Peer 1: 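Sending over a structure as structure tokens; questions will come in a sec.
The structure displayed is predicted, hence computed values, not measured ones. We name chains A, B, ... by the order of the sequence lines, and we start the count at 1 in each one.
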Amino acid sequence: MTLRVLNTLSGEREAFEPADPDDVLLYYCGLTVSDDPHLGHARTWVHVDTIHRWLEHLGYGVRHVENITDVNEKIVARVGERGDDGTLGDDEREVAATFIDRLLSDMRSLNLRRAEVYPRVTEHVPEIIDLVETLVEEGYAYESDGSVYFDVTEFPEYGKLSNQRLDDVEAQGPADERAEKRNAADFALWKAGGVDAAAVEEHRDDDRDYEAGSPTGETWESPWGEGRPGWHIECSAMSTTHLGETLDIHMGGRDLVFPHHENEIAQSEAATGEPFARYWLHADLFEMDDEKMSSSLGNFIPVHEAVDRFGTDPLRMFFLSASYNSTQTYSDAAIEEAIERWERLETAHDRATDALASPDARTTADSALGDRADEAREAFTGAMNDDFNTREALAALFDLAGAVNSHLDDADAHDYRGLRAAVETFEDLGGGVMGFDFDGDADGRATLADELVELVLEVREEERAAGNYERADALRDDLEALGVEVQDTDDGPTYSL
RNA sequence: GCCAAGGUGGCAGAGUCUGGCCUUACGCGGCGGCCUGCAGAGCCGCUAUACGCCGGUUCAAAUCCGGCCCUUGGCUCCA
């Protein structure tokens, strides 16, 4: 069974064949760091992460790069803005650094595999200038009043990713560029000068305090004078620098297909003469109230807030319960469902793990549980290989969870080999591939809190044994008030935070 | 206007490429039962018999073809 992926370029599911299976080149179009990451970003991250993990599970070696765009008008607009403690930064780089810290911290909190490198625009300006020069020399780009534009009419395949015909692309880029361009659809590779005050003002928020007046942003010396890189060029320069001319997989949000990714293809393929990416995968968008969740609309929930409120595993469950290439909508009910789903999966895993650790593991029985684990693996694999169908892959784990629970409820003697196979399946596929953390906060080491809770539970057990249920229930209620949830089972009480 | 994605049972969400009992997926919710001192978790059963609308092709369509309606995204910045 081989992996098939939906390639935006062809619009079809294709067999995945990387140039070098030991070195799958994965590039993810990351964020512009002008605000806190929100759930829409998180959703894409979790899917990219799961795809990365699945490729490794299949035995591929993966080289994974995610860019960070740290040169942007919206970043400049936040220079001098008062945050919770001091300003966000006193210049463009400092503001970017603030948000990069939050970005990386948010990513860690979602249990994402780290990329090999997170290249930044400010660290690749020489490569960007080289690339622009090449494009000018080859006749694909031209200088105009200190700025450089890509001439879309020089690239016959322009529009192949988004199915746009040049005649239909009326104009591209902000209005102030129009007069300098040969064709309305041409786009900027290099922009003369800094950011003008009007643009900064436009992105500023009246409700916020700013210390600085109108910063202009950083500029760099170039063959065309002082200026800044255009929006699209950085991805071409950075992906080539770190992964080479032809990527295996290029991922990003669907909102980037046009013009961003279309322009990346034009720049890169014009410069190298090689295909830019073999497979283009696009994550569909995350909506809130029938509208895209986005920083500019202001309708977003920051990642850190959601992680605090719901936890990492429920959030991953939420995102993975829909496929990456369909839209997903935020609602409290949907989050609630994800929490329940996660708890069901975790409960089955924990029950099986506890049974394996119990002293009764001496007597053993045969059952179909081992076969059910095999079936789950097979179904999971089939689903993931079909363009990463995470919802269906999860269904395989839930089927196994049901089998585990039935077995533990029904059988007098347990099938320890089967239970072990089930636990391994949960941990390999749910843990390793889906990124769930079944060990939770236990973390293998008992804290003082754990020991105190155990102590209280011992007392409560004595009260229960003596029939003092009121006292026992009161202890349970008190623990719950402290955030400790107690459950009585056949093997004694268990608790979770 | 042009391009793209999508409209599935109370909710959520697979299945559509590779037509066929579709699987009444998986799950959440609701109802009943079992278990339990109670609660929770779990188990069993029930509940929904759906596929935007109108035509067509076919022995057979959620799945193929045509038309229409609606939603979302892109063509300023954007995962």
Side-chain angles (χ1 to χ4, degrees), chain A residues 4 6 8 11-13 28-32 34-35 37-45 47-48 69 72-74 159 161-165 167-175 185 199 202-203 231 251-260 262 282-287 290-297 317-318 321-323 325-329 331 333-334 336-341 343-345 347-348 350-351 379 383 386-387 389-399 401-402 404-410 464 467 469-470 472-473 476-477 480 485-490 493-494:
Chain A
R4 298 197 317 152
L6 178 62
T8 307
E12 291 175 359
R13 288 181 211 184
Y28 164 63
C29 236
L31 301 207
T32 299
S34 61
D35 211 333
H38 56 67
L39 282 185
H41 302 124
R43 164 177 149 89
T44 305
W45 297 345
H47 279 290
V48 170
T69 299
N72 183 281
E73 296 173 0
K74 286 160 79 173
L161 182 70
S162 57
N163 281 306
Q164 305 267 355
R165 291 179 21 200
D167 299 344
D168 296 328
V169 181
E170 292 180 355
Q172 186 172 169
E202 199 173 316
H203 289 298
W231 172 33
M251 289 200 68
R254 180 151 326 269
D255 51 352
L256 296 181
V257 172
F258 188 88
H260 187 53
E262 194 68 71
H282 286 101
D284 224 308
L285 301 179
F286 191 65
E287 297 179 349
D290 283 339
E291 195 174 53
K292 175 171 92 160
M293 179 176 283
S294 80
S295 308
S296 42
L297 291 171
M317 178 63 81
F318 175 54
S321 292
S323 19
N325 60 21
S326 66
T327 54
Q328 186 174 23
T329 305
S331 74
E336 198 55 43
E337 177 189 338
I339 293 170
E340 296 300 322
R341 276 163 70 80
E343 285 180 356
R344 176 168 167 77
L345 195 59
T347 297
D350 290 353
R351 290 187 71 194
D386 186 15
D387 195 33
N389 189 333
T390 49
R391 174 78 178 211
E392 209 167 90
L394 282 168
L397 296 185
F398 281 112
D399 284 339
V404 165
N405 285 327
S406 294
H407 175 71
L408 291 176
D409 282 358
D410 297 345
R464 288 182 70 205
Y469 293 121
E470 275 182 32
D473 288 350
R476 183 170 61 191
D477 292 344
E480 186 159 354
E485 192 176 322
V486 177
Q487 288 183 17
D488 294 317
T489 73
D490 293 344
T494 63

Peer 1: Which residue, A:Gln328 or A:Arg341, contacts RNA chain B at a nucleotide closer to its 5' end, judged by nearest heavy atom?
Peer 2: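 Whichever sits nearer the 5' end wins; that is A:Gln328.
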Peer 1: Checking only heavy atoms, does the side chain of A:Arg464 share a donor-acceptor pair with the base of B:rG37 at less than 3.5 Å?
Peer 2: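 Under the 3.5 Å cut-off, the side chain and the base do form a donor-acceptor pair.
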Peer 1: Taking the side chain as C-beta and beyond, is there a heavy-atom pair between A:His41 and A:Ser295 under 4.5 Å?
Peer 2: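 The answer is yes, as the side chains (C-beta and beyond) meet within the 4.5 Å cut-off.
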Peer 1: How many Å lie between CD on A:Glu480 and P on B:rC38, as a whole number?
Peer 2: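 Roughly 18 Å, once rounded to whole Å.
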Peer 1: Have a look at A:Asp399 and say if it touches a base, only the backbone sugar-phosphate, or nothing, with a 4.0 Å heavy-atom cut-off.
Peer 2: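 Sugar-phosphate, backbone atoms only, no base.
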Peer 1: Any idea which of B:rC43, B:rC38, B:rC28 is nearest the A:Glu340 side chain?
Peer 2: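 The answer is B:rC28.
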Peer 1: In whole angstroms, how far is the C1' atom of B:rU72 from the CZ atom of A:Arg254?
Peer 2: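 About 11 Å, once rounded to whole Å.
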Peer 1: Find the distance A:His203:NE2 to B:rU76:P and express it as a whole number of Å.
Peer 2: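 In whole Å, B:rU76 P lies 14 Å from A:His203 NE2.
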Peer 1: Given B:rG73, B:rA25, B:rA12, identify the nucleotide with an atom nearest to the side chain of A:Lys292.
Peer 2: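 Within the option list, the nearest is B:rG73.
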Peer 1: Take the protein atom CZ of A:Phe286 and the nucleotide atom C1' of B:rA12, then report the distance between them rounded to whole Å.
Peer 2: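 So the CZ-C1' distance, A:Phe286 to B:rA12, works out to 13 Å.
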Peer 1: Using purine N1 to pyrimidine N3 plus N6-O4 or O6-N4 for Watson-Crick, or N1-O2 and O6-N3 for G-U wobble, each under 3.5 Å, what pairs with B:rU58?
Peer 2: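 Paired with no nucleotide.
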Peer 1: When both hydrogen-bonding distances must be under 3.5 Å and the geometry is Watson-Crick or G-U wobble, what is B:rG45 paired with, if anything?
Peer 2: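 Matched B:rG45 with B:rC31 under the 3.5 Å cut-off.
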Peer 1: To the nearest Å, give me how far apart CG (A:Asn405) and P (B:rC44) are.
Peer 2: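 Nearest whole value for this atom pair: 9 Å.
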Peer 1: Taking pairing as Watson-Crick or G-U wobble with both contacts under 3.5 Å, can you name the mate of B:rC75, or confirm there isn't one?
Peer 2: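 Result: B:rG1.
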Peer 1: Check every strand shown and say whether A:Ser326 touches a base, only sugar-phosphate, or nothing at a heavy-atom separation below 4.0 Å.
Peer 2: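 Answer is sugar-phosphate: A:Ser326 comes under 4.0 Å of backbone atoms only.
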Peer 1: Within this structure, what is the CG-to-P distance between A:Asn163 and B:rG73, rounded to whole angstrom?
Peer 2: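 My rounded result for the distance is 20 Å.
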Peer 1: NA contact type, A:Gly402, heavy-atom cut-off 4.0 Å: base, sugar-phosphate, or nothing?
Peer 2: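 Since only primed, P, OP1 and OP2 atoms lie under 4.0 Å of A:Gly402, the category is sugar-phosphate.
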Peer 1: In this structure, how many angstroms lie between the P atom of B:rA4 and the CZ atom of A:Arg165, rounded?
Peer 2: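 Nearest whole value for this atom pair: 11 Å.
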Peer 1: If you check every side-chain atom of A:Tyr469, which of B:rG13, B:rG73, B:rG37 has the closest atom?
Peer 2: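 For A:Tyr469, the side-chain atoms sit closest to B:rG37.
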Peer 1: Rounded to the nearest angstrom, tell me the gap between atom NE2 in A:His282 and atom P in B:rA4.
Peer 2: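 It is 14 Å, rounded to the nearest whole Å.
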